[in-house]
Amino acid sequence: MSSQPEGINVANVTEWFVAHVPGLTLPLTFTLIAGGRSNLTFRVEDAAGRAWALRRPPVHHVLPTAHDMVREHRLMHSLGPAGIPVPRTIGLCTDEAVNERPFFVMEFVEGHIVRSAPEAEKAFDEPTRRAVGDHMADTLAALHAVEPGSVGLGDLGRHEGYIERQLKRWRSQYEQMQVEGVNHGGLVERVSDELARRVPVQQRTSVVHGDYRMDNVVLADDGSVRAILDWEICTLGDPLADLGLLTVYWADPTDATAVLGLSPTTAPGFSTRAQVLEHYASVSDLDVSGIGFYTAFGYWKLACILQGVYARYVAGAGAGDQGSVDAFPTQVARLAEMAAESLAATP
């Protein structure tokens with residue numbers, strides 16, 4: 001039996017696998033997949049080389065409204081039959097006696113998860129990089145075109161007032177996740193107030209992923225999207241919020257600063273941000289002319305999320321993935337500044 005990684009009760013989880021996954025060859029090995037800084041994802045492999053992915057909440061400092069495994073499992077289970085590329089779900093365990101917290105298991109989708117420009121250059125040639133933007137825009141537009149009630153998700157959340165609710169939620173979580181000695185001078189709160197004053201009319205109610213970006217998708221060799229991952233903050237709401245956040249992450253090579261300094265789209269060959277927006281508009285019936293507000297909202301929300309990640313890491317919730325978080329307070333402040341700049345540039 002493998003050593004016991006933090007976050008996995010190897011004996012209990014192995015017993016659960018035996019009961020729910022036929023044809024296992026024991027023992028199982030559990031490996032934390034690097035890159036996740038919220039819910040934890042483990043690769044589970046049996047002695048014959050078959051692999052699955054297991055998702056569970058962080059080990060420490062879990063907010064009561066976050067990290068809902070039942071919800072994330074439900075979303076993927078519902079969207080797969082509608083043609084949205086998601087991993088096939090295997091099973092859900094809500095018995096906390098098994099592994100301290102609920103968890104679910106899904107297929108392990110092989111492909112490229114690209115987090116930086118060097119990784120993008122290694123994975124794809126320039127023509128394929130150019131295709132990635134169109135594929136990601138097509139996939140996002142397809143998600144937004146799904147009528148929630150038609151896939152059993154009509155009760156996933158309220159249908160109207162998405163941005164207002166998001167502003168309230170993320171501001172509350174930001175305020176709960178303060179860290180002693182870190183002070184942003186009220187900038188995050190001031191941007192929140194200005195966003196609340198300028199909320200656009202919601203054009204449609206869609207399933208909103210909430211964190212749609214390149215390192216939350218698995219890409220095939222041709223640049224198409226094999227699976228969308230990390231559904232933990234998905235709900236119903238304004239689809240342009242997803243598009244705005246995609247523009248936040250989709251840095252152009254000429255940008256002075258990529259978000260978190262790691263944008264793969266700065267590699268040669270990728271579509272520009274404007275081209276991705278244009279392609280989305282060509283395959284969607286939504287008016288994207290007001291995207292500047294949603295870009296500002298994306299920067300601000302990311303600042304709040306990053307503050308929460310930093311607070312959890314300070315509290316020891318890394319579960320072995322102890323990447324440096326020293327720069328996070330500076331990044332939170334810069335994201336809030338970029339949100340303010342985007343709002344100032346938006347009529």
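Nothing here was measured: the structure is a model prediction, and the numbers come from that model.
- Linking Ile, Leu, Val, Met, Phe, Trp and Tyr whenever their side-chain heavy atoms come within less than 4.5 Å leaves Val105 and Leu229 in two separate clusters.
- Using modelled atom types, no side-chain atom of Arg129 and backbone atom of Ala123 make a donor-acceptor pair closer than 3.5 Å.
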- Task: Walk me through it: do Phe297 and Gln166 pass the test side chain to side chain contact (heavy atoms under 4.5 Å, CB included)?
- Result: CA-CA 10 Å; Phe297 171 70; Gln166 286 280 294; 3.5 Å; yes
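- Note on Arg334 versus Glu341: salt bridge recorded, some NZ/NE/NH1/NH2 to OD/OE distance being below 4.0 Å.
- Using a distance-only test at 3.5 Å, with no hydrogens or angles considered, no donor-acceptor pair links the side chain of Tyr294 to the main chain of Asp238.
- Counting heavy atoms from C-beta outward, Cys93 and Phe104 have side chains that stay 4.5 Å or more apart.
- The OG1 atom of Thr41 sits 8.0 Å away from the CG atom of Leu32 when rounded to the nearest 0.5 Å.
- With Arg204 as the fixed residue, the salt bridge (charged side-chain N to carboxylate O under 4.0 Å, His left out) test singles out one of Asp285, Asp287, Asp242: Asp285.
- Within the 4.5 Å cutoff, the side chain of Leu286 has heavy atoms near those of the Pro239 side chain.
- Within the 3.5 Å criterion, the main-chain N or O of Gly157 finds no donor-acceptor partner in the side chain of Thr235.
- Side chains of Thr205 and Arg158 form no contact here, defined as non-hydrogen atoms less than 4.5 Å apart.
- There is a path of hydrophobic side-chain contacts, each under 4.5 Å, that joins Met338 to Leu243.
- By the criterion of side-chain heavy atoms lying less than 4.5 angstrom apart, applied directly or through intervening Ile, Leu, Val, Met, Phe, Trp or Tyr residues, Met106 is grouped together with Ile84 in one hydrophobic cluster.
- Here the closest heavy-atom approach between residue Ile291 and residue Gly244 is recorded as CD1-N, 3.8 Å.
- With rounding to the nearest 0.5 Å, the separation of OG1 in Thr272 from CD in Glu278 is 8.5 Å.
- A salt bridge links Asp230 to Arg55: at least one charged side-chain nitrogen sits closer than 4.0 Å to a carboxylate oxygen.
- Side-chain atoms of Gln307 and Val179, non-hydrogen and from C-beta on, do get closer than 4.5 Å to each other.
- Between Leu187 and Ala333 the shortest heavy-atom distance is CD2-O, 3.9 Å.
- Side-chain atoms of Asp215 and Val114, non-hydrogen and from C-beta on, never get closer than 4.5 Å to each other.
- For the pair Arg43 and Phe30, the cation does not sit on the ring face, since its NZ or CZ is not both under 6.0 Å from the ring centre and inside 45° of the axis.
- Thr139 contributes a side-chain N or O that, together with a main-chain N or O of His135, makes up a donor-acceptor pair within less than 3.5 Å.
- Ring planes of His209 and Trp231: perpendicular class, angle over 60° (limits at 30 and 60°).
- The aromatic rings of Tyr280 and His144 sit perpendicular, their planes meeting at an angle over 60°, well past the 30° parallel limit.
- Under the 4.5 Å side-chain criterion, counting only non-hydrogen atoms from C-beta, Val276 is in contact with Leu246.
- Because its NZ or CZ atom is both nearer than 6.0 Å to the ring centre of Tyr249 and within 45° of the ring axis, Arg213 counts as a cation-pi partner of that residue.
- For Ser150 (side chain) and Glu147 (main-chain N/O), a donor-acceptor pair under 3.5 Å exists by modelled atom type.
- A donor-acceptor contact shorter than 3.5 Å links the side chain of Trp250 to the backbone of Ser271.
- A pairwise comparison of heavy atoms in Ala296 and Ala339 identifies O-CB, 3.3 Å as the closest pair.
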- Message: Evaluate Val248 against Trp300 for side chain to side chain contact (heavy atoms under 4.5 Å, CB included), listing each step before the verdict.
- Response: CA-CA 10 Å; Val248 163; Trp300 176 85; over 6 Å; no
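- Atoms CG and OG, from Leu140 and Ser206 in turn, are 9.5 Å apart once rounded to the nearest 0.5 Å.
- Within a 6.0 Å sphere centred on CD of Glu175, heavy atoms belonging to other residues, nucleotides or ligands number more than 12.
- Here the CG-OG1 distance, from Leu54 to Thr31, works out to 11.5 Å after rounding to the nearest 0.5 Å.
- Side chains of Gln176 and Ser172: a donor on one and an acceptor on the other come within 3.5 Å.
- Look at Arg71 and Glu232 and you find no salt bridge, because none of the NZ, NE, NH1 or NH2 atoms lies under 4.0 Å from a carboxylate O.
- Defined by atom type and a distance below 3.5 Å, a donor-acceptor pair is present between the side-chain atoms of Glu72 and Asn39.
- The pair Asp155-Arg74 counts as a salt bridge, with a side-chain nitrogen and a carboxylate oxygen less than 4.0 angstrom apart.
- In terms of heavy atoms, Pro87 sits closest to Ile228 at CD-O, 3.6 Å.
- A side-chain N or O of Asn216 and one of Asp211 form a donor-acceptor pair less than 3.5 Å apart.
- Distance CD/Glu110 to CG/Asp221: 11.0 Å, rounded to 0.5 Å.
- The hydrophobic cluster containing Ile233 also contains Leu79, counting ILVMFWY residues as joined when their side-chain heavy atoms lie under 4.5 angstrom apart, directly or transitively.
- In this structure, Arg171 and Asp193 have side chains that are in contact, with non-hydrogen atoms separated by less than 4.5 Å.
- The CD1 atom of Ile90 sits 7.0 Å away from the CD atom of Glu107 when rounded to the nearest 0.5 Å.
- Closest heavy-atom contact between Phe124 and Ala220: CE2-O, 3.3 Å.
- At a cut-off of 3.5 Å, with distance as the only test, a side-chain donor of Thr295 or Thr247 sits close to an acceptor on the other residue.
- Classification of Glu194 and Arg198 as a salt-bridged pair holds, one side-chain N sitting under 4.0 Å from a carboxylate O.
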- Would you check, one step at a time, whether the test side chain to side chain contact (heavy atoms under 4.5 Å, CB included) holds for Asn12 with Trp16? CA-CA 6 Å; Asn12 289 356; Trp16 183 93; over 6 Å; no
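- In terms of heavy-atom proximity, Ala241 sits nearest to Ile163 at CB-CD1, 4.3 Å.
- Of the possible donor and acceptor atoms, none in the side chain of His112 sits under 3.5 Å from a partner among the backbone N and O of Gly223.
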- Task: Test Val98 against Phe103 for side chain to side chain contact (heavy atoms under 4.5 Å, CB included), laying out the working first.
- Result: CA-CA 9 Å; Val98 175; Phe103 66 89; 3.8 Å; yes
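- With respect to the salt-bridge test (charged N to carboxylate O, under 4.0 angstrom), the residues Glu126 and Arg130 do not qualify.
- Counting only distance, with no hydrogens or angles, the side chain of Thr266 and the backbone of Ser263 share a donor-acceptor pair below 3.5 Å.
- Asp252 places no side-chain N or O within 3.5 Å of a backbone atom of Thr254 that could act as its donor or acceptor partner.
- Pairs engaging residues 82-97 under the side-chain hydrogen bond (donor to acceptor under 3.5 Å, both in side chains) rule: His77-Thr89 [sequence neighbours left out].
- In this structure, Leu153 is a member of the same hydrophobic cluster as Met76, with clusters built from ILVMFWY side-chain heavy atoms closer than 4.5 Å.
- A donor atom on one side chain and an acceptor atom on the other are found under 3.5 Å apart for Asp138 and His279.
- Within the 4.5 Å cutoff, side-chain heavy atoms of Phe293 are placed close to those of Val199.
- The backbone N or O of Thr25 sits less than 3.5 Å from a side-chain atom of Asp46, completing a donor-acceptor pair.
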